[in-house]
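Chain A is the first sequence line, chain B the second, and so forth, proteins listed ahead of strands; every chain is numbered from 1.
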2 protein chains.
Amino acid sequence: MNLNQLELLRLLRETDYNLSKAAEKMHVVQSAVSRQLQLLEAELGSPVFERHGKRLLGLTPLGEHIMREVEQIHQAKKNIQSMADDFRANRNGTLHIATTHTQAKYLLPVPVQKFRRQYPGVKIYMLQSSPDNLIDLLHQHRADIAICTEKLAEDDRLILKPCYRWHHVAVVPQDHPLTGGDVTLQRLAAEPILTYSPGFTGRSAIEKAFHDAELQPDIILAAADSDVIKTYVRLGLGVGIIAETSYEPGKDSDLVALDLSRLIATSVTKIAYLKQLYLPSYCRYFIDALLEQAQLKHLGHCSGQ
Amino acid sequence: MNLNQLELLRLLRETDYNLSKAAEKMHVVQSAVSRQLQLLEAELGSPVFERHGKRLLGLTPLGEHIMREVEQIHQAKKNIQSMADDFRANRNGTLHIATTHTQAKYLLPVPVQKFRRQYPGVKIYMLQSSPDNLIDLLHQHRADIAICTEKLAEDDRLILKPCYRWHHVAVVPQDHPLTGGDVTLQRLAAEPILTYSPGFTGRSAIEKAFHDAELQPDIILAAADSDVIKTYVRLGLGVGIIAETSYEPGKDSDLVALDLSRLIATSVTKIAYLKQLYLPSYCRYFIDALLEQAQLKHLGHCSGQ
DNA sequence: CGACGTTACGAATCGCGTAAGAATA
DNA sequence: TATTCTTACGCGATTCGTAACGTCG
């Protein structure tokens, strides 16, 4: 048994159990992998793949079990390489960040700039996705860290770092009736609402607030990001409910933001990454920069709490 | 990087960083491992071991990090081999059981016999140890499963299976004053007590019971197993407090067992094994036999609860 | 000096590529 | 027939063992 053989198993699953394609990915000819597979199965003493004649169809039960260990080994191997690169003070590499529009636009710009200055050789890939996919991206090893608010349920394979706490605001044109008097859920429920798509940026907290008050909000438009929402609020379609951080006092001065922190539960945005993943120092640096930025934002809004 | 090189790292740590001894363990000459280590360090690009001149002294910080992954890989590799052996219906192997005297003597005999009949080719190693060591034995890979009652605190690397619930009894000679009237903690505290050494077989529950009642038991003898305790009870030294399962109605008919289940909290004996360890089918069979036996014992004492 | 690690060199092994053959869809 | 996998064979690379050489305590 050797690492290449185990890598072959991984690639065979990736390629839908096609020896030729796996061979290509390993940069060797097909006959080579054929023999390696035979050698491995001979060594193990029982087949790893289901076959119809010569064709591979899938994994045997043994193969399924083995695959889990193979993934472990693959991860550990990559970690060792990352560690070595890191200790060699290798300032090249790539940082894959999975996040949503809201965070990418309103939280990340400053940390990313700071990061670029510190690590000009590290490339940054921003994987924008819907919140439900962020964790999957981690598990699929397509992202190193994820930044999101929703859908971070119990998963003991993840490390979670609370980043910052925020609340929702209602945004309306300056002459809107809601700007007079106290805002209540009842008054909101009477208006047409524009807010995030289900699963995005604290939408579940919004729904819970109305549901607990036994109200049925009239959500006439749901979008993945606050820019779209604000655009339609400006067109007079109704009341927007967005994250406080998405209201920019400068650019959005034509809109009024009404604090909803006492009506809708506050949300916590977190940083998540795989427990089993080795984070290179540049990655830890980015996380620190992010936490620092979140701290600043938070202080700015809470006046020094 | 290959598996042999990583195995070499493991062996180097095991041999106190001695290339010659590691070479011996790998069944190759010393010069071979010297070169393999050089190749690996060259590939990683920075040293894994601290050196004084040519001698290896220990791990570099990088080496420490790498070792964790190496252990992971080693475990996964062993798992793959176990799996293959298992699916090949290999009925040979070894079962390492870490446990205490109490369990080895009163719980395990029947399951072990049953196991021997089912898997005559599998060797059984019984590692008797004090309860605090049982978990360590698992982590040191010197035992596959551990059976114990105390000291199984939160450890997310372990799988825990509750096995059976039992309580303590007081054992006294037949003419002892305690045999008359209700047994209370107060009356027990007035007697010289013989029981388990700290850390053994529910001793902590005994201490807690007296402590909660603000009593100070007079423990004049502490031993690791109930046989020793019973011996001294027979000599009239005092009242023995032992596990109910350690009182054998046949052999111990010269002693009287007094139920303490309402005075001292019941204990739960558990089976523990490493989450990351693959358990061969014979191992799972043994666990099942154990649970079944525990069930029987339990029913026997509780008359069909 | 003795234990330990490194370097040099030839030999055995391992694994690859080419090429041809067999089986499946 | 086209695709996929297996087998045969020769070559090159890797890794080993022997042996001689540093080096540290």
Please pick, from D:dC5, D:dC16, C:dG5, the nucleotide with the shortest atom-to-atom distance to any side-chain atom of B:R35. D:dC16

Using the side-chain contact (heavy atoms from CB on, under 4.5 Å) rule, take B:F49 and B:T60 through it: C-alpha gap first, then chi angles, then the decisive distance, then the call. CA-CA 5 Å; B:F49 293 96; B:T60 59; 5.6 Å; no

Picking from C:dG17, D:dG17, D:dT23, the nucleotide nearest the side-chain atoms of B:A32 would be D:dG17

Rounded to whole Å, please give me the gap between CG in A:L37 and C1' in D:dT7. 15 Å

Students often get this wrong, so: under 4.0 angstrom with heavy atoms, is B:V29 touching a base, only sugar-phosphate, or nothing? base

Please state how far atom NZ in B:K54 lies from atom C1' in C:dT7, giving the value in whole angstrom units. 9 Å

Residue B:Q38, side-chain heavy atoms: nucleotide from D:dT7, D:dT4, C:dT6 that is nearest: C:dT6

So A:N4, base contact, sugar-phosphate only, or nothing? Heavy-atom distance under 4.0 Å. nothing

B:L57 has an atom CG; how far is it from atom C1' of D:dC24, in whole Å? 11 Å

Say you draw a straight line from CD1 of B:I66 to CD of A:Q81; how long is it, rounded to the nearest 0.5 Å? 10.0 Å

So, is A:N18 close to the D:dC5 phosphate, meaning a side-chain N or O under 4.0 Å from OP1 or OP2? yes

With nearest nucleotide decided by heavy atoms, which residue, A:R55 or A:H27, maps closer to the 5′ end of DNA chain C? A:H27

Should B:E7 and B:K77 count as an ion pair when the cut-off is N to O under 4.0 Å? yes

The nucleotide from D:dC5, D:dA8, D:dA19 with an atom nearest the side chain of A:S31 is D:dA8

Spacing between A:L8 atom CG and C:dC16 atom C1', to the nearest angstrom: 14 Å

Look at all strands and tell whether B:F49 reaches a base, only sugar-phosphate, or nothing, counting heavy atoms closer than 4.0 Å. nothing

Considering only C:dG15, D:dA8, C:dG5, which nucleotide approaches the side chain of A:L39 most closely? C:dG15

OP1, OP2 of D:dT6 versus side-chain N and O of A:S34: anything below 4.0 Å? yes

Strictly below 4.0 Å, N to O, side chains only: are A:R51 and A:E41 in salt-bridge contact? yes

What is the distance, to the nearest angstrom, from the CG atom on B:L40 to the P atom on D:dT14? 15 Å

Categorize A:Q30 for me: base, sugar-phosphate, or nothing, with a 4.0 angstrom heavy-atom threshold over every strand shown. base

To the nearest angstrom, how far is B:K21 atom NZ from C:dA3 atom C1'? 10 Å

Is the A:Y125 ring parallel, tilted or perpendicular to the A:H96 ring (thresholds 30°, 60°)? parallel

Rounded to the nearest angstrom, tell me the gap between atom CG in A:N2 and atom P in D:dA13. 19 Å

If you look at every strand shown and take non-hydrogen atoms under 4.0 Å, does B:Q36 touch a base, only sugar-phosphate, or nothing? sugar-phosphate

Intermediate values then yes/no, side chain to side chain donor-acceptor pair (under 3.5 Å), B:D225 and B:Y196: CA-CA 7 Å; B:D225 67 83; B:Y196 300 107; over 6 Å; no

Please give, in whole Å, the distance from D:dC24 P to B:L19 CG? 15 Å

